[in-house]
Each structure stands twice: as structure tokens, then as C-alpha cells.
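Heads up: the structure comes next, in C-alpha cells.
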Amino acid sequence: MSLTPPRKRTRSCSDAATDGERPEGSSDSAGGQLVQLARDEEFWYEDGTIDLVAGNVVFRVYKGVLAEHSAVFKDMFSLPQPPSESASPECPVVYLSDSPEDLRHVLRMLMPRNDVSPFNGQHPSFNTISATIRLGNKYEMLKLAEHSISYLKKWFPSDLSTWMDNENPLPPGFHELDAIGVINLARFIGEKSILPSAFLACCVSKSDILRGFEREDGTLEQLTVDDVGICLGTRRLLVQEFFRFVLEVFEGPPAIACSSPAICRDRLNNAIQVLGKYLAEVAPWQTNPFNDAASLIEEDNLVGLCNQCRAMVEARELDKLRSLRARVPALMGLAEPATTAESGSNDQVQP
């Protein structure tokens, strides 16, 4: 970020670009070549006091608003600027290395437009959350970044049971592959509490997590090689653990208070046979490891169970599923050492 482009003069407000113009002295950040600068259609205030250039887009906004929210901009604006023939003290130009899409998301938070109601409960998109966290940290817009981090922590809690009990595992407006970006954001800010549920969202995703997704600015959002390893390894371990506990749910004798032991024993054994055949045929990566155990059994196989045996199966399922959920961070290699030791298993993903 700088007040002047490399090897070029500072432009004044009167020099700022209009659509389709090639203003004198405009340049890109790489080779100093002339580029066309366009006014941003959303953030261009005629009485603005600062021009922000991101990519090939110029945003004319207010220094005071930026300085109020950003310690970096506040310090920058407090420094005396070198004189220039065309420089206007009321409206200097700041060249940023950020994408115009990210900057636009941040400005929407700082300067909401009059057509947006503060009472309609709109949920931010992943792009908004990503931009406000990354640029919020970069320019020390601490409150803005904190609000976005709190939003992620609400939807990706450290308590996996809370996350799994949500009807929608992702925030409204998020897409399935946005979980990749959430993992990257958690790594970026060092917020480990978000990681287990974000990784789990990737583990149960039917989309191609290896390819990632294209961001608004055309760049790719992808997992690191290590995090891809955690994702795929965790999925394999989860499926193994899930299959194990599903079989255990139906193993053993009928309930103590069973009203028809012979029939229920036959039904439970039949369910295990069906499950065994199913598990042998289905590849781990095609299975959501957190499907209900009973959903893997045709209802006809359970019709003959008495009420007591049905209740026993349901109680076993809940108990074993709760235990598996608690062990997920350890399986991922993300749990604290004490938690891993308490889990009683040495299985974990090695990144």
C-alpha cells in the first residue's frame, strides 16, 4: 500500500478515472504499464476526500470514516505528504494491493448503502467474511475483524455436537466448498476452535475438495497439501469408526425386558447381515459417516423388534455417536495432548 504508484506521480481528485478513460500516470502494480481505471459504481462520492485504487478500480470515499475504523489509515493520514504539482490535499490517492472485490465488501460494512435495511437479518456471504477478516487484520480494523471471527465461531463451534445438530451445517448463503475457505481463514488468524467443524464440513462434502473453488477475483481458494491430507485421512478414519459402531449398535442379545426374545434376536442378526453386505460394497468416500445408523437398515428388517429392543438400539446409537463426535478432534490430530490421551485411541491423521 502506498500513496503513489511506482515511478509515477500522485494523482489528485481531478485526475481520477472515469469509465473507459486511460488517465495519465495510471499504472498497474507489477510492471508500471498503463491500465484503464474505472470508477466504482457503488462507492464513488463526489464530495469524497480519498481515492482508493484497487486493481483497475477507483473508490472515492471519506478519509474520516477510514481513519475511524482503521489504525493503519489513521496513521497514514496523519503523516505529511510530499508536495506534488497535481496533488490535492483534500483528496489524495492511495494505491492498494487488494482486489476491488475484497475492498468493496469492506466498504459495505463501513459505509452501508441507504437501500440496505439494518433490520432484515441479512447473513454475510463467505466472500464478505473472508474480506473483512483478511483486510481487517491487514489494516487493523480490529472490531470489523472481530465481528466476522465471532460469526464464524458461532457457525463453526468447537462443540461438534452443537454443529452436527444444526439443520444446516453451513451459514446461510455459504456454499459447500466455502468450508475450504473457512479452514484457510482459521489458519490465517490462528483460531483453532473453528478447525474441527470446518474440517468435518469438508469430510462429509460431496464436492471435490481437492480442486477448491474460484473466488470473486478469479483466484483459487484451495486447501494446503497438509490440510488435504487431514481431510482425506479423517474421512477414512471416521468411516471406519462409524462402521464399527453401527455394527456394535445391533450386536448383542435382545433387551432384558424384551417381550419376544427369539424374534428380536433374529431381527438383530438379520440387520447385522444386511449391514455387513452394505459396508463391504460401499467405498468409504461415497458415505457420509454421520448418517443415522438406523437409516442404513431397511425398515422391514426392524419391523419385528419389540418396543424395548427398539429403544435399546436407539440408546446405543446415540451413546456411540456421542462418543465418536467427542473423538473427532483427536482423529484429526487437532486435539490437545491430554484430550488425545483420554480418547483411548492412537488413531489420528498425520498431516
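We're numbering straight along the sequence, starting at 1. Heavy-atom basis, side chains included; hydrogens, waters and symmetry copies ignored. Predicted model, so just to flag it, every value in this text is computed and none were measured.
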Is there a donor-acceptor pair closer than 3.5 Å between any side-chain N or O of [X] and the backbone N or O of [Y]?
X    : Y    : value
N137 : I133 : yes
W163 : S158 : no
D319 : R316 : no
S70  : Y139 : yes
N269 : R265 : yes
S323 : K320 : no
R235 : C202 : yes

Rounded distance [0.5 Å steps], [atom1] in [X] versus [atom2] in [Y]:
X    : Y    : atom1 : atom2 : value
I180 : L185 : CD1   : CG    : 12.0 Å
M109 : R104 : CE    : CZ    : 13.0 Å
H69  : L107 : NE2   : CG    : 10.5 Å

Test salt bridge (charged side-chain N to carboxylate O under 4.0 Å, His left out) on E146 and K143 and set out the steps.
CA-CA 5 Å; E146 287 174 6; K143 287 297 181 183; 3.7 Å; yes
Once the angle between the rings of H123 and W155 is folded into 0 to 90°, is it parallel (under 30°), tilted (30 to 60°) or perpendicular (over 60°)?
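Perpendicular: the ring planes of H123 and W155 meet at over 60°.
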Relative to the ring of F174, is the ring of F126 parallel (under 30°), tilted (30 to 60°) or perpendicular (over 60°)?
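Because their plane-to-plane angle is over 60°, the rings of F126 and F174 count as perpendicular.
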Under 4.5 Å between side-chain heavy atoms, counting indirect links through other Ile/Leu/Val/Met/Phe/Trp/Tyr residues: same cluster for [X] and [Y] or not?
X    : Y    : answer
Y62  : L66  : yes
L142 : M111 : no
Y45  : L52  : yes
L324 : L318 : no

One pair to check against side-chain contact (heavy atoms from CB on, under 4.5 Å): L195 and F156. What are the steps and the verdict?
CA-CA 8 Å; L195 287 173; F156 296 90; over 6 Å; no
From CA spacing to verdict: side-chain contact (heavy atoms from CB on, under 4.5 Å), Q36, N56
CA-CA 6 Å; Q36 289 183 327; N56 65 339; 5.8 Å; no
side-chain contact (heavy atoms from CB on, under 4.5 Å) assessment of R215 paired with D102:
CA-CA 10 Å; R215 294 171 53 86; D102 279 355; 3.3 Å; yes
More than 12 heavy atoms of other residues, nucleotides or ligands under 6.0 Å from CD1 of I263: yes or no?
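Not more than 12 within 6.0 Å, no.
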Check this for me: L220, atom CG, are more than 12 non-hydrogen atoms of other residues, nucleotides or ligands nearer than 6.0 Å?
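Yes, the 6.0 Å shell around CG holds more than 12 heavy atoms from other groups.
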Between K74 and E140, is the salt bridge (charged side-chain N to carboxylate O under 4.0 Å, His left out) condition met? List the steps.
CA-CA 10 Å; K74 182 178 181 180; E140 296 185 27; over 6 Å; no
Decide yes or no on salt bridge (charged side-chain N to carboxylate O under 4.0 Å, His left out) for E46 and R39, but give the supporting numbers first.
CA-CA 11 Å; E46 293 296 341; R39 290 182 181 184; 3.6 Å; yes
Under the side-chain hydrogen bond (donor to acceptor under 3.5 Å, both in side chains) rule, what do T219 and D217 come out as? Steps first, then yes or no, please.
CA-CA 6 Å; T219 60; D217 60 5; 2.6 Å; yes
Whether R134 and D98 form a salt bridge (side-chain N of Lys/Arg under 4.0 Å from carboxylate O of Asp/Glu) is what I want to check.
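Not counted as a salt bridge, because no side-chain N and carboxylate O are separated by less than 4.0 Å.
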If you measure from the Lys or Arg side-chain nitrogens to the Asp or Glu carboxylate oxygens, is any gap between R244 and E241 under 4.0 Å?
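Here R244 pairs with E241 in a salt bridge, since their nearest N and O are under 4.0 Å apart.
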Considering only heavy atoms from C-beta outward, does the side chain of M164 approach that of L321 to under 4.5 Å?
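No. Closest side-chain heavy atoms not under 4.5 Å.
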Do N184 and E221 have side-chain atoms, one donor and one acceptor, less than 3.5 Å apart?
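Yes, a side-chain donor-acceptor pair sits under 3.5 Å.
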